[in-house]
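One structure is given below, encoded as structure tokens.
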Amino acid sequence: MTKALTGVRILDFTHVQSGPTCTQLLAWFGADVIKVERPGVGDITRGQLQDIPKVDSLYFTMLNHNKRSITLDTKNPKGKEVLTELIRKCDVLVENFGPGVLDRMGFSWEKIQSINPKMIVASIKGFGPGPYEDCKVYENVAQCTGGATSTTGFRDGVPLVTGAQIGDSGTGLNLALGIVTALYQRTRTGNGQRVTAAMQDGVLNLCRVKLRDQQRLAHGPLTEYSQYGEGIPFGDAVPRAANDSGGGQPGRILKCKGWETDPNAYIYFITQAPVWEKICDLIGEPGWKTHPDYAKPAARLPRLNEIFARIEQWTMTKTKFEAMEILNKDDIPCGPILSMKELAEDKSLRATGTVVEVDHPTRGRYLSVGNPIKLSDSPSEVTRSPLLGEHTDEILRQVLGFSDHQVAEIHGSGALDPPRKQAAE
Ligand code: CAO
């Protein structure tokens, strides 16, 4: 069976997390992804957070499945020639270098266009045009500057970053969509184009409900926030909402049986209006179904702390999984707080390929996340990440068509040797 992106060749200049997320997705959909890495060093994540000495880290292996690796010093004159040939042979160049790096390498958009007018050049940067456009950015910087951090955490605590890599992996997703959209447009126009995705933009986009709340503040307090019921006035910016629901149906994290010793014995409980009467019956408060202080959603808003405290009395008598089962029978939206251990051991996630076990020649077997997007006619098999430069000769010969003599010349030129200047760890 062919894959959705069979025949699409990607020149992958990405590193760390944001860009590799994008090209890994494209590889899962069948694109031939050729990762260009600095000789001797490679993607810096190969050596970061290593759990096994001298073995590609899980950080790297979990972001670079289904790719091929070529090492090339793109600052070496011969290396530039090879890169020029790669640009001719590929459909898309993806990069997430620091601002200006590609230009300094001698491969500006104009130059790439002159080599291959059909090429799509896709870039992730920390910021879009503006005062910060020249800044280097990592995940938490994007979370902080995109509105996630100021709105995450407890009102009286410091701002918090989240464990979900919304700046890196979130922006990688955006870029992947931009690339396939540009590829689709190219089928009509025949032309390449630039695709750019800024991490700040991606995070802010994911924080749209907070921008919504910022505007609602002008018209009065945010009644679904706990602080409203607690009588604490709102300031002029959206406050941190702790675990209050970000939508119109109030929700909280509530303790379940075992919470005293298990840090994840909790459940997220949503008091969705259509199932309110069932909730009342379940927790032993049938009178709340008709009582004017509790019967209607608006009446409940100033009393959410009291209501959730009562519901928690019930959830504390059940494990999070028992509560989930009981609540789902009544269509009451809820979710147990699952630990990474529980997710890693979840059989259904293995069955769908959302969590996969991969074999690696130097690491052995390890767990990874698989493709979260399922296509019925383009299933994703997750294959291991490449070793550094594993496919250099294969790509020089098969993709670029170089002869034995040319390959030997490239080897002799120093283009495959480590460059002198390397980015700091
Ligand atoms: N051959 C020769 N040189 C190479 C090379 C190759 N194959 N590949 C990379 N290099 C060089 C580049 O030319 C550049 O050198 P110069 O600075 O002399 O031009 C250098 O290596 C890499 O520069 P960089 O700025 O991309 O790398 P860094 O480690 O200093 O910064 C990061 C990393 C992530 C902060 C920066 O790339 C960045 O801001 N990227 C955009 C935002 C982004 O994607 N961030 C997500 C990171 S994941 O949290």
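Both ligands and their constituent atoms are indexed starting at 1 by order of listing. What you see below is based on every heavy atom in this structure, not just the backbone, and it leaves out hydrogens, waters and symmetry mates.
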Residue [X] vicinity, atoms of ligand 1 by number, heavy atom under 4.0 Å:
X: G98; answer: 24 (P), 25 (O), 26 (O), 36 (C), 37 (O), 38 (C), 39 (O), 40 (N)
X: D73; answer: 1 (N), 2 (C)
X: I124; answer: 41 (C), 44 (O)
X: V101; answer: 12 (C), 13 (O), 14 (C), 23 (O), 25 (O)
X: E139; answer: 49 (O)
X: D168; answer: 46 (C), 47 (C), 48 (S), 49 (O)

Nearest neighbour of atom 33 (C) of ligand 1 from the list F127, F13, Y138, F97, on a heavy-atom basis: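 Looking at heavy atoms only, the winner is Y138.
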Option of least heavy-atom distance to atom 15 (O) of ligand 1 (set: E95, K136, K75): K75
Contact check: V137 vs ligand 1, nitrogen or oxygen atoms, below 3.5 angstrom: yes
Heteroatom distance test (Q17, ligand 1): nitrogen or oxygen, under 3.5 angstrom: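 Between Q17 and ligand 1 (N or O atoms, distance only) the closest approach is not under 3.5 Å.
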Shortest non-hydrogen contact from D168 toward E139: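 Here D168 and E139 meet closest at N-OE1, 2.7 Å.
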More than 12 heavy atoms of other residues, nucleotides or ligands under 6.0 Å from [atom1] of [X]: yes or no?
X: K374; atom1: NZ; result: yes
X: R208; atom1: CZ; result: no
X: D359; atom1: CG; result: yes
X: Y366; atom1: OH; result: yes
X: E325; atom1: CD; result: no

Residues D213, R216: salt bridge by 4.0 Å N-O rule: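 Salt bridge between D213 and R216, a charged N being under 4.0 Å from a carboxylate O: yes.
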Electrostatic pair E312-R252, nearest N-O below 4.0 angstrom: no
Side chain, backbone, both or neither: the part of L72 lying under 4.0 Å from ligand 1 by heavy atom: backbone
Part of M105 within contact of ligand 1 (heavy atoms, under 4.0 Å):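 It is the side chain that touches ligand 1; the backbone stays farther off.
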Contact check, side chains of S368 and T61, non-hydrogen atoms, under 4.5 Å: no
4.0 Å heavy-atom contact, H15 with ligand 1: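 H15: in contact with ligand 1 (<4.0 Å).
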G19 touching ligand 1 at heavy-atom level, < 4.0 angstrom: no
